[in-house]
Structure formats: C-alpha cells, structure tokens
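Predicted, not measured: the structure shown is a model, and the values here were computed from it. Convention: sequence-line order gives letters A, B, ...; per-chain numbering from 1.
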Amino acid sequence: MFEFLRRKLRLAHLRKKQPAPRRYRDLSPDLQTNLIAIRRELGASPDLITRCLQLGPGVASTGALLFIDGLIDQQVVNRDVIFPLLNRIEEGKRQDSEDFLNYLAQKVLAVGEIKKERELGQVVEALLEGDTILLLDGHGEALLLATKGWEKRAINEPDAERIILGPHDGFTENLRTNTAMLRRKITDPSLHFEEMKLGRRTRTGVVIAYLQGVANEKLVEEVRTRLKRVNIDMILDANYLAEYISDAPFSLFPTVAFTERPDVVAAKLLEGRVAIFVDGTPVVNTVPALFVENFQSPDDYNFPFYYATIIRWFRYLAFFLAVMSPALFVALGSYHQELIPTPLLITIGAATEGTPFPLVVEVVLMGAIFEIIREAGIRLARPVGQTISIVGALVIGEAVVTAGLVGAPTIIVVAITAIATFIVPDLLGPGIYLRLIYTLLAGVLGAYGIMLGALFTLLHLASLRSFGVPYLSPLVPFSAGDLKDVVVRAPIWAMETRPRLIGWSRLQRQPVGFTLAQEERKEEKEKDEG
Amino acid sequence: MKGEPRRNGHANRHLKIGQGLLFFFLLLLFLVLAGGCWDRRELENLAVVLGIGVHLPAQGEGYEVSFQIVRAAQIQGPTGETGGGGGTIKPVWILRTSGPTVFEAVRNATLQSSRRLFLAHNQAVIISTEVAQKGIMPALDFFLRDHESRSIQWLLLTPADPVEVLDAAAGLERVSALAINDLIEDYRSTSKIRPVNIGNYMETAMQKTSANTLPIIRVKETAGKRELLMDGTGVVKDDRLVGALNAKETRGLLWVLGEVKGGVNTVDLPDGAKATLEIFTAATKVKVEAIEEKVRVGIEVKVQSSLGAQTTTDDLSTPGQIKKLAALQGQVIEDEIRAALRKAKEYKADIFGFGEYLFKHDFPAWQRLVKEWERHFAGAEVEIKVEVQVENLGLVTRPAFPKETGEK
Amino acid sequence: MIFLLLFVFLLLFLWEAPGLVAKEYWRELAVFTILLLAGLVISLLLVSGMELPYIESLWLQLFARLEKVFAPGP
Amino acid sequence: MEQGKISAGELALLVMSFTIGSWVVLPTGIQAWQNLWLIIFLGLGEGLLLIYFDLALFRRFPGKTLFEIHELVYGPFVGKLFSLCFLWFFLQMGGGTLGIFVTLLKTTVFTATPDLALLIPWVLILVYGCRQGIEVIARSNQLLIMGTVGLVLISILLVLNIFNPENLLPFFNLSFAEMLWISIGIAAFPFGQNILFLMILPRVNRWQKVTGAVCKGMIGAGLVLSTIQFLAVGVVGKAGQILVFPTFEFYRLINIGRVLTRLELIPLLNFLTMGFVKVILCLYALAVGTAHLFNLRTYRPLVIPLGLFLLLVAGRIYPDISEHIRYIQKVQTFLVLFFALLLPLVTLGVAFLRRLPRKGMTP
C-alpha cells in the first residue's frame, strides 16, 4: 500500500522536468539596444535606475549606469563612480579602444571589486544582486561594480537561544555579515567557505563552512552532493535546505541542527562538523546533528563544569518529564494505582472524586488546550500574548478544577509538562508527538503500553543516522571517551579530543592537561616537518 | 531514473522510516479501535480497601470478610481537619460480606459496593481467633495468590470479631487501619509485640520445624470510645492457633530472635522501689547444637541501656550502684526469656526457630532430628547469658532531694 | 471475524507485495505469499474454533511414549 | 543479504540479554531453590563448554551461518532438512518466550486484557525492529542491557533492609547427582539456547573475537542471573519454592519506609525488554534462516509472516502454566541438548570425516 505511494512519489520526481536554461544573448555594442534589452528582462520596475552620463572631461563618450534602487550604496555610487567618470578621465584616451574599460577599472573608478562581463544574463543577475552596471556606447562589454549596500538589521541576541553568560551576538539576515562573524571567531586559514547559489528563482547564496583538516573530507563531499541535489525554486530559510538534505525527513527527530549563534557554529566547526549558511536568514544549519546535541547549551561551556554538569542532568530530567509525565500519570492513575504511596493515593483520589472523564481524556484534553494557549501566546503581539497566558493558566485551569470537570492533579501534571517542555526547545516538535503517543498508549495498555512505545522509539532512534553518524552516538554505539560531554560536562582542559565519530580525521584537540602554548606549537611544527 | 540514482536511493530510505511511523500510528489505531482499556480502573471508581478482617460466620460454612474502605472525599484536607465539609460522615466505610472462600467473599462485596474493591493498598489482614483455630492458611491463600494483594500486609489476630477492630476509633489517625500500621511500626519503642506480615508468615510456615507467631490486637473501651490496643502474641503451630504469649513473654521471644530494638525494663530495688531502664541497643547470639539426640541452645544477649526513671531517693549514679542495676536488668531479661521458653515448650511450638537454625548450620543433625523435633525441642537445654551495660544516666545524676541521702 | 481476518491479511499482503514487485523480487514474493497463506490457514482454523494441539503438550506426550519404550528413568 | 555489521562487544551484550531472556522470570531448577544461585555457576561452566564446542563449527567454517554450514557439510537437500529442524527450534523458542511473558503479564498486572491485545502490539514492534536489521537491534540492546544491569545493582540497595543472609544456608543440601542434573538443565536453558547465535555470528566484523565475546556475554548473564537469584533467596526465603515467578516476588516485598513499595512493575517491564531482545533475535534468525533456505536476496519481506507465526505459536504453546512447568522439568533439557549438542556434534563429525572445509571454500 505504501509502496504505491512511494512509487508515485518517485514518478512525480521524474515527471518534474528540469526547466530549460534560458538563452541569453551577448551584449551588443550599441548602448540603446543594451538598455532596452535589460529593461525588457526586468519589466517596467520602477526601482531600476538608469543614469545616462557623458564621460569626461578628456573624452566624449556616452555611457549609462544601471542599478537597483535600495540595493546599492548611493553614496558610493555618487562619490566613487559618477564623480570620477564625469571628472577624472585623462585626455588622450581613445574611448573606443579595447583598453579603455581596463583603464576605467584600474585608474578611474574607486570601487573595490570590478568585473567585466559580456553576457546579458550575467549582467542582469549582477544587477539584481546589487552591483552597479556601467555600459559604454560602442563596447560589447559591461563593467560590474560591486556597490552592494542595503539596510541591515543590527546584530542582537537571538530570541530563541538565550544565554546568561557569554557572547550575546547572533547572526543576522546578511550572509556576508554572518561569515564575517564566524571569521572573527575562528582566525585560522583552514576555515574554508564554499559558496553556491541555490533556488532557481530566489538565487539564494548558500555557504558551506568547514575547517579544512578537521572536518572529515567525506562529510564535506556528502554535504556538497546533497546540496547540489536540491532543486527548488525558493529558499527563504535554512529549514528549506534542512528538509531536503536530512537523512530521515519523515522522522520526528531533527537530523540537522539549527542555531543562530556564531559561538555555537564555531564550536561545532571545531568539533569537525560542517555548517551551512543561507543568505537572508540568521539560522545556520550544522551537520551531523546528534541526539545529545539537543541537550547542550552554550551556557554549559561558559559556566564552571560542575554547575554545567548538574544543569545538564536537570535538562535530561526535564525532557524525560516533558515526554513521559502525562503518560506515567495516566498509567499510574488508571492502571497501576498500587505504585502510588497510600496517603498520596487517598489525596489524589479525593481530588479526582466525581470527575466525569477517564484520566487519559483529561490529560489529552488539557494538553491540547495548553498547546493552543502556547501557540496563541507566540503569535500575538507581546502584551496581548501575556494576557493570553494569564487567562489560559489561571482562569481556565482554576475554573476547570472548580467546576469539577478535571481533577487538580491533572492540571498539575500538565503544568509540569508544559514548563519542562521549554527546557529543551530543539525537541519541542518530537516532544508533542511522543507525549501524545505515549499518553494514548498508557491509556490503553498502561505501563506496558509506555514500554512498547519506548521500545519503538529506541529502535527508531537507533536506526537513524545523520550524515553517516549514528544518531544516538556516543550512547550507542557506545564510545566511553565521548561521554565526557554527555554524561558530564568535563572541564574544558580535559576535553582534549573531538567526538570520535565526527572528528576522527584529526581527533586530538589539545594536549592533555596544561602545556604552554608556545611549546605546543613548536612541537607541532616539528612533527609536521618530521 | 538513470539520471539520479542516488536521489532515489535516498528517497527510499526516507520512506522506510516514514513507513515505520505510519506503522506505529496504525498500531495505535488498532489498540484504540479494539476497544482497549480492559484493565483500566479509574481512580474515582476505586474503593480503596485499607483493612480486611476475616471471621467465621455464626453458623454455616465459609468465611465472613469485613472491609474497611476509605472515603477519599471525607479524608481530604492537608490541614488535618476531619472531613472536607461532611464532618458527620465517617472517613471510612465498613462493609461485610460472606462466601465459601475468602475470594468469593471479596468478590461478593461488589454486590454491595458501587465501586470495585482495590486491595493493593490494604494495610492489615485481621483474623479472628476462631479462624486461627480452624487453620490460617486456607483463609490466607487468597492473599498470597491474588495479584493485587501484597505480601507486606500486616497479619494480626483478634480475639473478637475483626469488624470491631476495623470500626474502632482510630486515635489520632483518620483511618484505623493506618493507625494499626503505625502501632505496629512503632513496636521498637516498646518491643512488646512482634510484627508479622503475610510474607513472613508464609516463610515461617514453609519451615518444617518452626512455629509461627501473630500479634494480637484488641479493642479497649476508653472514655466511651473504643480504642485499639496491641496485646501480646498468638502462637500458631501447624497453622493452628495453640496459645498466646503475654507482653513479657513476647519480649522474651523478641530477645531470642534478636528483634528487640528498644523498650524499657523495670527492675525491683530494695524497699519496694523501682527503677526503669531504657534499652538502647541489643544484640543476640543464638547457637544451637545437637549432640546425638540432645539439643543444646546457647543464648547470649548483650544490652546497652540507660537509666530512665527511678522511684527511690537513693543515689543510683555511683559505679557500684550502676553495676548492681545492670545485674538486676540482666536478671529481668533472663526472666523474660525463660518465661517465653517455658510457654513455648508448654505448647511444643518452636517459635524461636531453633530447628531452622540447625537446618541452616548443621544440616545432617537436622535431618536426624526433624522427625521428632517437638520432643527434642521440649527437651532442649537452654543456657542464657545476659550482659548489660548501663551507659547513661539521662540528664541528672542523683534525684533532687534537699538532704543528701546517698553514701557519705 | 473471518472477514476481519481476511482483511488484515490482505492489508499485510498489500503492504509488502508492491515493493517486491517493483524490485522484481519474484522468489521473495512467492515465499512471502506462501508463508502468509500458511499463517492465514492456521489463523482461520483457530478462528473457526478448531482445537489445534498445544506444542508443549505434544512434546510431553512424545516423551511420555519414549519413557515407555525405554526403561523408566530415575 | 543483510549488510549490517556488529562489533564483538555488541555481540557479547546481545548474548547477555538473550541468555537473561526468559529464564529470569521463570527459572528452571527451582527444586534447588536456595542453592540455585550457586548451581547457576555450575550450569554456566557446562554451558560454556557446550557453546565453546558449538562454536568449533563456526571456527571451522568462519563467516558462514549454521544453515550454510549444513549445506556445505550435507549437501543441499539433507542440509536443508537439518536447517528446517533448527527453524522449528527457533520458532518454538521465540513463541515460547512470548507465551511466557504474556502469561506473566496476565497473572500479575493485566488480568482482564485478552492475550491478543498484549501480543499484537508487541509483535508489531518486533517486526519493525527486525526489519531494521541486526545493527539496530544490537545498538538498542546496548541501552536495554544497561538498564537491566543498573536495575540489578539498584535492587541490591533496595533489598538491604529485608535481605536475610541466613536464608542462603545451608549450602549444598542436595546430593551431587541432583545438583548435576539441575545444573545440566541450566546449561541447556538458558545457556544452551545460545546455539541460535550461529545464525548471527557472520555479522560480527571480526570473527576471530567471536568466541571470546560469546563467552563474555554468557558469563555476564550468569552473573546477573545469579545475583537476582541470590537476592530472591535472601529476601523471599523458603517461600520462593512455591511461587510461580519467584524472581518477581522479591520485588513485591521491597519496603523502604512504606513509600518505596509495590515496585514490581519496574523489574517486570525491565524483564520484558530482555524477553523482547530474545524474541527479536529468534525472529531475526528465523527470517534469515528461511531466506537462506529459499536462496532469497533479502530476509525483510519474510519478517511479517514469520512474526505472525511467532504470534500463533505463542498462542498455542501451552494450555496452562502448570503444563509449561511440567514441560520445563521433563522435556526442555533434552530438546535443547538435542539441538545444541547432538546435531552440532553430528555436523562436526561429518565435516571431520569429509575433511571439510576444503581449500577455497572459506574466505
């Protein structure tokens, strides 16, 4: 049955024909023809500015500057392009010679990056990316002047990943800013960027970042091939790519990690991972993504290790509570009351006296209401959102209990679940599903049902891989050395190796214990030479 | 298809996992649709039984079983006031049924109770002496076999109808069964009763030579209210009640078993005065030897105690006096043990587990003696050594009298 | 009940078979079908109230007979 | 066929779970009760001997499953006949384990739930797991066995206040013949059942380490079982002899301040996971074996019908628990020894006489 579905999907893939590449003509030597051709490409868009000018004073040549309003830095164009073109050209230059464009580029224009281009399509593309185009009458070539400059959002702390201590900067929507931020974290020539344009219509810049010699070469190659296979017309966010390249798109669990923090990306690159930047979004994908990564926060490394360790354990506990507590409550409350201590049973029994629904219905219902309140709180403007939370939490919770519709213990359990949910935000999505599945199973088969669900989840997690790395590692397959960043957060000086399955091409991160950096560098050099 | 073979391989893998998920949802669907929830019992539909009494009916066969069921709504209130609003309604409900076996009697309770009886939290099973004289295991079998019932329920004996115990006022507690539980757990401050749970009973019953004991609970009228009282120990031999030990003999039993955890001893001083010593720690060593047909038992008790009260005006805090006190207390303890031994031998009931000791430490001898163990037990020679050390005087040394009456 | 059973088996068949057909795994398909049919027959027998023997009881009977053949053991 | 590879360590843990499997809820040799924890070691020794001997077959034909060895030794037809016998053995072992656990669930927790409602979801998850391949099974097992070992260690703490070392006395109050007989029963079940791993060994990435790994796993399982039995005797005492599920009962007696009581559900679920591993390995061996029998390219499509067979066998394995106890006492030892001792012996003998393996037959 599902095979049919699968085949249908596969056929659908094949039926989608690659759109034939559009043929572009070369530029003509005639200025007016070129202008008309470009205008035809872009339609009558009012943001396309054409500035015709008479080059001077030395030569009498007509030309035109084209740019998109808003994508360029107006000041740069005025000061460094238009002014020199009008005033700085020496006499005696033959404006129709081959060298004239070179001369302009080398001696006249005060712009950092200048390219020569002869094909109309490339010219239009550059124009759309924020370049200024200089067309000269009588030349079949255009100069592309890098004058990009548009409004940017300032760097501020990402809302989704708050930390207490440590760097508070977050990525912005600008790709170059983002890569620059990463460069500032890792001043090492081995930090390599590879850019490609993806999205047939959005032509979004996508950058693969990795540390040459640290990241596994095969992993980088796999990322490249997977990205190349992405055939989509638009990429507006990192998730567009993540859903395409993840190993298990149907799995509940994320096999591609997301972050908005440069320090996180830097740390992951230094572990041997690969980051994928997408232009236009502050979110960066990192692969391979493992299950345990969801429980690691940058704060873990900014605080003393003993504190980080216990906090991490509380995070594990919170995730367990978030997923299991409603199910356990249902199982205990409607199947295994013998496990509840006697006085507690009497108290709970008194609190649930007279409620009309089975426990499982109560829990699922209140869970659903909670999810709705949460969503409402996110979508609405902030002040209203808070009102919603208060109404939801206090009014509904209190009224439901007073009216005797739902027992007070249910509200307590749902509330604990709700709070615990937010502690591991990366697993919010899987959490909702697992919680629901486990609760329903507990409602049907009690603890046995929960155990079956847990077994299924375990088998599923064990079968997952992220870019070749088993998802549950280092727990299974067990690698004791890597538990230093899972079971505990070992002191920084003790984490001398990278995760074995990710950074195996160069495992040693630093010498064991304390050594003077100078000596270490010397030793390394000797080793490299020897 | 040829163009992107990897793409397809990739998609295949994707869908396999998707298939798994669908699979799981189908499983869920199956369970929910199958009508599910066979064993479900909602909290609000449970009648939580906290105490059970087993009695023989006035006439006819079978058993009469009474239950103490908690009314959760009446018991609520963390502040401790009785009853949320009812006040007049008792927090427990007493139910009485009968049937040819205990199990059927329990099931018959459903005829009277609107909710299903839930036995997992039962604290105590109280059997009447009549049942005990007829045989305990037949009444107890259900509690061992049933999956809800626990082996850690206390087992008690009561001379009258157990329903009286269940219905008695619970003192400071709201439910008398919980009071029973606390009474038993506090045995260490008196060491005058010996707690036995169903598991212990079964374990001892399995031992070929040993006899069982059960604590006795009775109801005592105080100021018009019927209150609970723990009172001595019943001796059960071959699953039948044969006699009882009083508090003193029970203490003796506990000494031998090494289960004394606390309590007091009162010693007689000259001039009719008395002194009470508190037992702090006690350790017992029992050694059973079988030489040919003769059984010799050595009991060695080491006690550390403290002076708790005295009624004489003498200064008991001098080293000499303390030694004397220790000797006196040793005498009292030996008396207690002797009393218990005398009773046990009278009933020919090996409540101390001497035979079991032989089984464990001298298996060949046990094999030799097991057939006529009753005789060997009755003829056993017992040697008792008690060593008491009075370590503490409390907060004062000698009594506060204006005149010095001590030695000068 | 029988119809439900048939439906379930049909579902199982449809679950597995198309994939095998697509990969042209004919032998696998044949074995799968035979095994599934065998399962179906046994299930139908059970559902229709036929008393199939219990496996361990069969072994016990067999061993009882063996005991008779050989001398009675310890 | 199957591409997955497991490491020797993972194999050892699989052997451990498989051996703990169903013995932990329904021990054999209950008549020796208070000495059972010692006799387990005797049985372990005999079992190690037995399995070492079985593994001689694998060492002679490295990289081959039992069924491939059969065909090499006996030729295709007779070899398939031998393999068929083993298929039945695996089927009965898996179905029997399922049956025992369903009985356990039905007597202890889910008295009103119909068998099928307990069985079907379990079998569905078995099928799902089995189709994922041996790698996934082995990895999941790593976590499950950690849970079991952790539980045993925690149990030691939990029973401290009710553990009575006197209950362990006297040691060896049985005659030597009795003890030997009981230990042979233990050597057969659970240890002898490890013959099933001859179907899985070729999946281990380094075959030289296999023997050591299997032995380590068996010793680990022996330690776990012995510890549980040790605790059970110390806690339950003589009464254990009359219990249907004695290892389970001692958890019912745990009582720490009357708050940590009635905990038996937790070990119950834990033992269930061990049973799960045992049955999933049976199913895997069944599927791989059947696929080999018919020269199939993949075993995956067979998992569903074979899972169904397991379900049917579990439903018709024994009419009642007393029949099963009788079966354990009278038949099981002989049956397992037939498969784990006699048949491999014959195969090894024939291989020896035919001077197999010849050159070029093994990698």
Side-chain angles (χ1 to χ4, degrees), chain B residues 16-17 19-24 26-28 30-31 34-41 116 120-121 123 141 144-154 178 181-182 184-185 197-208 210 258 286 353 356-367, chain D residues 33-34 104-118 120-125 127-129 131-133 136 162 164-174 235-245 248-258 261-262 264 268 300 304:
Chain B
K16 217 165 266 166
I17 291 156
Q19 204 180 359
L21 259 183
L22 278 166
F23 193 78
F24 198 66
L26 274 186
L27 157 67
L28 216 85
F30 154 76
L31 283 173
C37 330
W38 299 269
D39 273 293
R40 206 185 69 212
R41 30 175 202 231
R116 223 191 112 208
H121 282 271
Q123 306 287 315
D141 187 73
L144 296 172
R145 218 173 270 283
D146 188 63
H147 74 282
E148 267 183 17
S149 141
R150 304 284 131 168
S151 304
I152 56 170
Q153 300 167 72
W154 300 120
L178 290 176
N181 182 29
D182 293 344
I184 292 175
E185 302 235 302
N197 66 27
I198 289 183
N200 300 144
Y201 185 86
M202 174 164 68
E203 158 68 6
T204 313
M206 290 282 293
Q207 297 168 359
K208 275 203 178 112
S210 302
V286 176
E356 188 63 15
Y357 184 94
L358 272 186
F359 172 81
K360 280 168 178 160
H361 295 95
D362 192 355
F363 187 60
W366 181 81
Q367 278 177 314
Chain D
W33 181 241
Q34 69 203 11
L104 174 67
L105 279 172
K106 281 209 59 147
T107 25
T108 51
V109 189
F110 297 100
T111 43
T113 311
D115 286 5
L116 275 184
L118 296 173
I120 290 178
W122 199 0
V123 170
L124 281 177
I125 290 172
V127 166
Y128 172 80
R131 286 170 70 105
Q132 304 286 326
V136 172
I162 48 172
N164 181 7
E166 288 263 304
N167 282 342
L168 297 165
L169 297 169
F171 302 131
F172 303 121
N173 59 338
L174 298 163
V235 171
V236 184
K238 278 212 179 89
Q241 282 167 320
I242 59 164
L243 298 168
V244 180
F245 303 111
F248 177 71
E249 174 72 14
F250 87 85
Y251 285 101
R252 286 168 62 107
L253 287 169
I254 286 175
N255 180 1
I256 295 182
R258 277 185 113 76
T261 59
R262 316 176 188 91
E264 75 268 12
L268 174 73
R300 287 194 166 78
I304 289 180

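- Both the backbone and the side chain of D/T111 come within less than 4.5 Å of a heavy atom in chain B.
- In plain terms, the two heavy atoms of B/F359 and D/L169 that are nearest each other are CE2-O, 4.1 Å.
- Taking OG1 from D/T107 and CZ from B/R145, the interatomic distance works out to 12.0 Å, rounded to the nearest 0.5 Å.
- Summarising the geometry of B/M206 relative to D/A239, their closest heavy-atom pair is CG-CA, 3.8 Å, with the distance given to 0.1 Å.
- In this structure, B/L144 CG and D/I242 CD1 are separated by 6.5 Å, a value rounded to the nearest 0.5 Å.
- Heavy atoms of D/V244 lying under 4.5 Å from chain B are absent altogether.
- Cation-pi contact between B/K360 and D/F171: absent, since separation from the ring centre below 6.0 Å together with deviation from the ring axis within 45° is not met.
- In this structure, B/Q207 contributes its side chain and D/K238 its backbone to no donor-acceptor pair below 3.5 Å.
- B/E356 touches chain D through its side chain: at least one heavy atom from C-beta onward sits under 4.5 Å away, while N, CA, C and O do not.
- For chain D, the nearby part of B/A120 is the backbone; its heavy atoms alone come within less than 4.5 Å.
- The contact between B/F363 and chain D is made entirely by side chain atoms (from C-beta outward), counting heavy-atom distances below 4.5 Å.
- In this structure, CG on D/N255 lies 11.5 Å from CZ on B/R150, to the nearest 0.5 angstrom.
- Closest approach of D/R252 and B/H147 over heavy atoms only: NH1-O, 3.4 Å.
- Note: D/E166 leads D/E166, D/E249, D/Q34 in heavy-atom pairs under 4.5 Å with chain B.
- For chain D, no part of B/N200 is nearby; none of its heavy atoms comes within less than 4.5 Å.
- Side-chain contact check for D/V236 versus B/E203: every heavy-atom pair is 4.5 Å or farther apart.
- For B/D362, there are no salt bridge (charged side-chain N to carboxylate O under 4.0 Å, His left out) partners at least two apart in sequence or on another chain.
- Between B/S151 and D/L253 the shortest heavy-atom distance is CB-CD2, 3.4 Å.
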